Structures are given as structure tokens and as C-alpha cells.
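Reviewing the structure listed below.
Along the sequence shown, residues carry numbers from 1. None of these values were measured; they are calculated from a predicted model.
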Amino acid sequence: MSHSTGLSTVTGPLVAGPWRRPWPGTSESACARCAAPLGWWENDGCACRAPSGRRHQDLLYAVACAVRTPLSAQLFATIAAQTFAKEIPAKSAMTVMAGDRRFCWAGPGRYGLFRHGPLPGPRTLEEVSRLTLHSCDRPLRLTEIDHWLRGVGYEYRPRSLWHVVRTSEWVTIRTDEYVRLRSPGPGQRHLRDGIAPRLGDADWSCLRNGVARRLATSLTEYAASRSSASVPPWAPPGPDWGASPG
């Protein structure tokens, strides 16, 4: 597909919408103009109408607000240059998006926004997998994790997930391919400090609740597609991580 005329060739008008809120049951805000759900780091609002400035991060964020799916850093840079007449080297685009928490990592060299599906915060497949496990109340099969991650927009090589869970110090995989957390308490603190150090307790619980509910749907769909009693159905809603113990 040619992108010679900028964002309109990718998504139509720059103002996107209407959006289907992808995180039911969470308290995230939404853009008043395009109704796109905004992630925890999008406090300054959506750029669905125009970029807020001419910095690289402003232009790349405006592109992300217009498209409907995660893209490669190279494509982000190309669209930004064609649309806003400002060249952004692909490596610079990668650096900007990796350091800006508004962008969600969606696989090697790929980024999107909270509205596109990927989980906000994680910057590696290992972190994404751990956030998934910390939002679930049971071990998960490797195939279940893979189905879930690909369903929300991640792209990675087929063996990458296996390598990640085999080498992580925080998770372990059994011979039956069930993946579990090694040290749930310390592991959760380590993960939170790494991916969301400035989120308060309420937002952290909200994030995990959102993951749990979407994961519940994914696992139910996976069980149905397998049509096998060996894959138990998963009944939403997920665990209420914000509830008081006892």
C-alpha cells in the first residue's frame, strides 16, 4: 500500500473514531473528540486533530492517534515525514517511542497506543508475559499466553516466547508447558518498579484488572477453538486485584 499522501491513505481522516473501548471494566479516560480510550501516560490528551508541537515525539504521537494498529518504527517515521514534512530517522523514532510511555511496545521494533490493544508499560516480551501472569490467578499454558498476546496485537518470532519463559528469572515452565511465577510477591514489585514506577496503587490495580478481564475473554475463546476438555474454560470477570484481603 502506498502512503504517499500521508495519514489519509492509512486511516482516512486524521480524526479517528468511533472507538470500541477495548478495556471494559476499567476506569481509563477517553478522548472527548474521537472517543479513543487513553492510557495512563496520555494525561495531556489525544492528538487526533493535530500534533501538539513539532518535536519528534509530538509528530509520532499524532501518527499513532490516527492509525488503527501498531506499526513498525520505520513506518511511523515514513508517515510522519510524508504528513508533516519533517524527516525523522527510523532509529530516532525507535528511541523516542521506547522512552515515551504513551507508546505501547508491540513486538521488536513495533509500537502502538493503549487504544490499539497492547499492554501499557512493558518494553519486552518477558515483561508482557509477566504482567499477564501477575494478572491471572492460575498458571497458563504457553499456547494460551501466545494466543492472548497475538490477539491483542503483538508480533514476534514463533520461538521467542519459549525462549523468554525459559530464561526469565521470574517465571518457570514445567514439562507440561504450564508457565508459573517463581516469586509472585517480589516479582510483582520488581515488575511494577520497571514498567510503571509512577503509577499509584489504584492505577496499578486498575491495570491488572483490565488485563485480567481481557485475558478471561481470550482464554475462553482459546478453549472454544480447541474444543478440548483438557483446556478448561475461563469464566470472567478476572480476580479483583483492588479488593481488600479477606
Side-chain angles (χ1 to χ4, degrees), residues 1-12 14 16 36 38-132 146 149-150 152-165 167-169 190-199:
M1 176 184 296
S2 172
H3 301 281
S4 59
T5 59
L7 291 172
S8 62
T9 63
V10 181
T11 61
L14 183 60
L38 302 177
W40 283 264
W41 288 274
E42 295 180 84
N43 297 327
D44 293 333
C46 185
C48 57
R49 290 194 174 174
S52 59
R54 295 289 294 174
R55 300 175 301 171
H56 287 178
Q57 56 263 48
D58 300 327
L59 304 183
L60 293 168
Y61 181 64
V63 172
C65 288
V67 301
R68 296 301 185 111
T69 185
L71 302 173
S72 68
Q74 176 68 62
L75 189 51
F76 265 107
T78 298
I79 296 172
Q82 294 173 345
T83 305
F84 304 116
K86 184 171 182 178
E87 295 295 328
I88 303 177
K91 288 185 178 180
S92 296
M94 180 88 72
T95 300
V96 167
M97 290 187 288
D100 189 331
R101 292 290 177 175
R102 293 177 298 178
F103 295 95
C104 300
W105 182 86
R110 298 180 75 247
Y111 289 89
L113 296 177
F114 175 79
R115 68 191 70 178
H116 298 138
L119 311 186
R123 285 299 187 257
T124 66
L125 189 56
E126 194 268 352
E127 290 178 344
V128 170
S129 301
R130 285 169 57 200
L131 179 55
T132 297
D146 183 68
L149 294 182
R150 294 188 185 279
V152 294
Y154 290 94
E155 291 185 4
Y156 47 85
R157 293 180 178 178
R159 295 287 295 178
S160 295
L161 185 60
W162 171 261
H163 176 74
V164 160
V165 300
T167 58
S168 172
E169 65 176 298
H190 178 272
L191 180 66
R192 179 175 173 177
D193 290 345
I195 70 171
R198 296 183 181 180
L199 284 188

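Around the CG atom of Asp44, the shell of radius 6.0 Å holds no more than 12 heavy atoms that belong to other residues, nucleotides or ligands. Within 6.0 Å of the CZ atom in Arg159, the count of heavy atoms belonging to other residues, nucleotides or ligands does not exceed 12. For Arg150, the CZ atom sits in a packed shell: over 12 heavy atoms of surrounding residues, nucleotides or ligands are nearer than 6.0 Å.
Of all heavy-atom pairs between Tyr61 and Cys46, the closest is OH-CA, 3.7 Å. The two atoms that bring Tyr154 and Leu119 nearest to each other are OH-N, 2.8 Å, heavy atoms only. Ala90 and Gln74 get closest at one heavy-atom pair: CB-OE1, 3.4 Å. Considering all non-hydrogen atoms of both residues, Ala80 and Leu60 come closest at CB-CD2, 4.4 Å. The two residues Phe84 and Ala62 come nearest to each other via the heavy atoms CZ-CB, 4.0 Å.
Here the CD atom belonging to Glu87 is positioned 9.0 Å from the CD atom belonging to Gln82, to the nearest 0.5 angstrom. Rounding to the nearest 0.5 Å places CE of Met94 at 11.5 Å from CZ of Arg110. For the atom pair OG1 (Thr69) and CZ (Arg115), the distance works out to 13.0 Å, reported to the nearest 0.5 Å. With values rounded to the nearest 0.5 angstrom, Glu127 atom CD is found 9.5 Å from Leu131 atom CG. To the nearest 0.5 Å, atom CD of residue Glu126 and atom CG of residue Leu161 are 10.5 Å apart. The CD1 atom of Ile79 sits 12.5 Å away from the CG atom of Leu59 when rounded to the nearest 0.5 Å.
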* Asked: side chain to side chain contact (heavy atoms under 4.5 Å, CB included) between Leu75 and Val63: does it pass, once the steps are laid out?
  -> CA-CA 10 Å; Leu75 189 51; Val63 172; over 6 Å; no

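In this structure a side-chain-to-backbone donor-acceptor pair under 3.5 Å is missing from Ser92 to Ile88. Checked by atom type and distance alone, the side chain of Arg130 never pairs as donor or acceptor with a backbone atom of Pro122 at under 3.5 Å. Judged by distance alone, the side chain of Ser168 and the main-chain N or O of Val164 form no donor-acceptor pair under 3.5 Å.
Proximity of Cys65 to Arg49: side-chain heavy atoms (C-beta onward) are nowhere separated by under 4.5 Å. Using a 4.5 Å cut-off on side-chain heavy atoms (C-beta onward), Leu149 and Ser129 make contact. Inter-residue side-chain proximity for Tyr156 and Asp146 is flagged as met; some heavy-atom pair is nearer than 4.5 Å.
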Side-chain donor-acceptor contacts of residues 96-107 below 3.5 Å, not counting sequence neighbours, with atom names and distances?
| residue | atom | partner | partner atom | Å |
| --- | --- | --- | --- | --- |
| Asp100 | OD1 | Arg102 | N | 3.0 |
| Asp100 | OD1 | Arg102 | NE | 3.2 |
| Asp100 | OD2 | Arg102 | NE | 3.2 |
| Asp100 | OD2 | Arg102 | NH2 | 2.7 |
| Arg101 | NH1 | Gly121 | O | 2.4 |
| Arg101 | NH2 | Gly194 | O | 3.4 |
| Trp105 | NE1 | Gly107 | O | 3.2 |

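With sequence neighbours left out, the side-chain hydrogen bond (donor to acceptor under 3.5 Å, both in side chains) criterion links Arg123 to no other residue.
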